[in-house]
Structure formats: structure tokens, C-alpha cells
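Structure first, then comments.
Predicted, not measured: the structure shown is a model, and the values here were computed from it.
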Amino acid sequence: MAPPTVHIERGLGPEGRIAVVRLDRGDRINALAPAVMRELRAAAASFEDDVATSVVILTGNAHVFSAGFDLKDTEGRSRAALGLGEQRAALRIGPRMCRAWWEMEQVTIAAIEGPCIGGGVALAASLDFRFCGASAHFRVPEVALGMNMSWGSLPRLLALMGPARTKQAVILAADRITSSDAREWGLVERVVADGQVLSEAMTFAERIAALPPLPVAMTKTSINRLAGTHDELAAHMDTDQFALANLTEDHKEGVSAFLERRKPRFRGR
């Protein structure tokens, strides 16, 4: 069995009410292979009955938050050979991971150093707050790979950035969103010096952890429910849209071009 890539440290801060969840695959990619996504979902689920923790910080390593879905992972690449039912089940791993983080009662903070790409953006958007380093950048490459942006992330990005910026971020997939742009667009709440993101997130978490835990949790849950009232109307089909896009020639061309490090040629079929 492979060693875990998601590590949880509890009992930090005032009254031990802060936890840090660290995703670290020991490289500069921190890709979201299916096994890693299951670990992240399990990490979120581990706080369901944890009444001692009020705030959870999710971070990557010193070089990267996450470069998104692992296109080279054998489990992920084998999806194309699955039947539609099995493929739909496999495609739910990412949405379930993001939903697990979205539904946590604890206040959640993403502490982002370095690149945050694709599925990494979807995951970060599932949290309550996002802090990033000055050199961090964001990119949503799914459309350029012949796919739609899924995992229930479009409604969350829309709520953060508004329609025009969300379209710009998702459709113009080759464009990097700098940390300053991300702050201006509303994708992140705070930009700090490189190497100081976790420390700044911890300081912010300590302010929340010092407050009465029950009204904080209830307030967060109420706001999320109100803000996400119509999310299912927009996102319930994105897994099927993703499965449909996976059948196109453009998707095969986009992924092949990415892996072969060349410019893709899309034909609309």
C-alpha cells in the first residue's frame, strides 16, 4: 500500500481548536490522482464528529498547492475503457471530494503556495477562505483539454468572481491568473509574502477559533446553504457533460497534445 499523501495535525491554536490538513506528494505537482482525492475526501469526513475543531486549514507543500487532476495516473486514464455506468461512478470522485469540503461545519481556509490548477482550483473554491502567496498563480485548463469544468465548481466560482470573470478564467484556459488578479477578481481573500501563507492563515484561524464554536459553525452553515441554494440546478449535469466531452475527438486531441507537449488542433467533433 502506498504511503498516505494527506496528513492531519489537530489540536493547534487556542484551546486546540485548529487543524491543518496537508497535501504533499513530495514533488512540485501535487496532482490529484483518484487515490489522493479519496484521501482528501476521507480527511474532510474525519471532522464530521470532531466537536473540538473549529477551523481547518488545507494546504499543499512549499512549492505547489495542486496542479490538478493527474492525467498520467493509470486509474484515471483507464476511465475511457469503462462502460458509461462505471465511467459516471469514476467521475464522481472529484465532485464528492469537493462536496465533502464544502459541507464541513468547521470554517475552512485554503493556504496556497505556488500553482493552483484545474482540480486544485475546484478544491480551493470549495473552502470558505483562500490565502495565497505573492508568486502563486491559478489556471483552469479543462476547456483547452476538450473538457468542461466540473466537480460542482462553476457555481462556486461564479459566486466568488461573477459571470464575466468566471467565463474568462474557465474559457481562456491558457491564461494564468496571477495572485494580484485573483485578489482583484475575488478568487482569493488575501495575498501575502511567499512562504508566509500558512502562518497568515493560522493567525486568521486563531481569531475564529477564539470565538464561541457553536454559533460560528451554525452561521457558516447557514450562509453556505443560502449562497448555494441554486447550485444543484447548475451543477447536477456537469458529471454527465464531462463524460460526454470525454467521448469527443477534441478531448483525445487535447490530452494527447498536453502529454506530447505540443499545440492541439481542435476540430469541433
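Residues A134 and S179 come closest through the heavy atom pair O-OG, 2.7 Å. Of all non-hydrogen atoms in C98 and S126, the two that sit nearest each other are CB-OG, 3.2 Å. The two residues W151 and P95 come nearest to each other via the heavy atoms CD1-CD, 3.4 Å. Across every non-hydrogen atom of G118 and M149, the tightest pair is O-CE, 3.6 Å. Across all their heavy atoms, W101 and V56 have their closest contact at CZ3-CG1, 3.9 Å.
In this structure, F204 and F131 have tilted ring planes: the angle between them lies in the 30° to 60° band.
M202 and M104 are not part of a single hydrophobic cluster, where members link through side-chain heavy atoms under 4.5 Å apart. Note: the hydrophobic cluster containing L154 also contains F138 (ILVMFWY, side chain heavy atoms under 4.5 Å, direct or indirect links). No continuous path of ILVMFWY side-chain contacts below 4.5 Å connects I117 to V188, so the two sit in separate hydrophobic clusters. V55 is not connected to L127 by any chain of hydrophobic side-chain contacts under 4.5 Å among Ile, Leu, Val, Met, Phe, Trp and Tyr, and they are in different clusters. Linking ILVMFWY residues whenever their side-chain heavy atoms come closer than 4.5 Å, directly or via other members, places L198 and L12 in the same cluster.
When side chains are defined from C-beta on, L157 counts as touching V121, because their heavy atoms get closer than 4.5 Å. At least one side-chain heavy atom of D181 sits less than 4.5 Å from a side-chain heavy atom of E184. Looking at V197 and T59, their side chains never come closer than 4.5 Å, going by heavy atoms from C-beta outward. Using a 4.5 Å heavy-atom threshold, the side chains of R262 and S256 count as touching. Side-chain contact between L172 and V143 is absent, with no heavy atoms from C-beta onward closer than 4.5 Å. Inter-residue side-chain proximity for V107 and S54 is flagged as unmet; no heavy-atom pair is nearer than 4.5 Å. Contact of the D194 side chain with the E113 side chain is registered, since non-hydrogen atoms from C-beta on lie closer than 4.5 Å. Proximity of M37 to F69: side-chain heavy atoms (C-beta onward) are separated by under 4.5 Å at one or more points.
Counting non-hydrogen atoms of other residues, nucleotides and ligands closer than 6.0 Å to CD of E39 gives a total above 12.
L211 contributes atom CG, which lies 11.0 Å from atom CZ of R17 (distance to the nearest 0.5 angstrom). R165 CZ to L160 CG: the interatomic distance, rounded to the nearest 0.5 Å, is 14.0 Å. Between the CD1 atom of I57 and the CD atom of E9 there is a distance of 10.5 Å, given to the nearest 0.5 Å. We find the CD-OG1 distance between Q106 and T221 to be 9.0 Å, quoted to the nearest 0.5 Å. A distance of 11.0 Å separates CD1 in I177 from SG in C132, rounded to the nearest 0.5 Å. Annotation: the span from R269 atom CZ to D250 atom CG amounts to 8.5 Å, rounded to 0.5 Å.
Screening L123, I112, I109, T108 for a side-chain contact (heavy atoms from CB on, under 4.5 Å) with L58, the sole residue that qualifies is L123. Under the side-chain contact (heavy atoms from CB on, under 4.5 Å) rule, V36 has a single partner from R25, R41, M97, which is R25.
Side chain of E200 to backbone of V192: no donor-acceptor contact under 3.5 angstrom is found. Side-chain atoms of R22 come within 3.5 Å of backbone atoms of G60 as a donor-acceptor pair (strictly under, hydrogens ignored). Judged by distance alone, with hydrogens and angles left aside, the side-chain atoms of N148 form no donor-acceptor pair with the main-chain N or O of S150 at under 3.5 Å. Remark: the backbone N or O of R267 is not paired with any side-chain donor or acceptor of E253 at under 3.5 angstrom. When atom types are taken as modelled, the side chain of E189 and the backbone of R130 share a donor-acceptor pair closer than 3.5 angstrom. Proximity of a side-chain donor or acceptor of N61 to a complementary backbone N or O of G26 within less than 3.5 Å is not detected.
Between the side chains of N30 and S66, no donor N or O sits under 3.5 Å from an acceptor N or O.
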Evaluate side chain to side chain contact (heavy atoms under 4.5 Å, CB included) for V21 paired with V6, printing each intermediate quantity in order. CA-CA 7 Å; V21 177; V6 177; 3.6 Å; yes

Check the pair I18, E206 against side chain to side chain contact (heavy atoms under 4.5 Å, CB included), reporting the backbone distance first and the verdict last. CA-CA 7 Å; I18 301 172; E206 287 173 353; 3.7 Å; yes

CA sep, side-chain torsions, deciding dist, call: E142, S153, side chain to side chain contact (heavy atoms under 4.5 Å, CB included): CA-CA 12 Å; E142 276 75 3; S153 58; over 6 Å; no

Passes side chain to side chain contact (heavy atoms under 4.5 Å, CB included), L32 versus D70? Steps please. CA-CA 5 Å; L32 296 172; D70 191 348; 6.0 Å; no

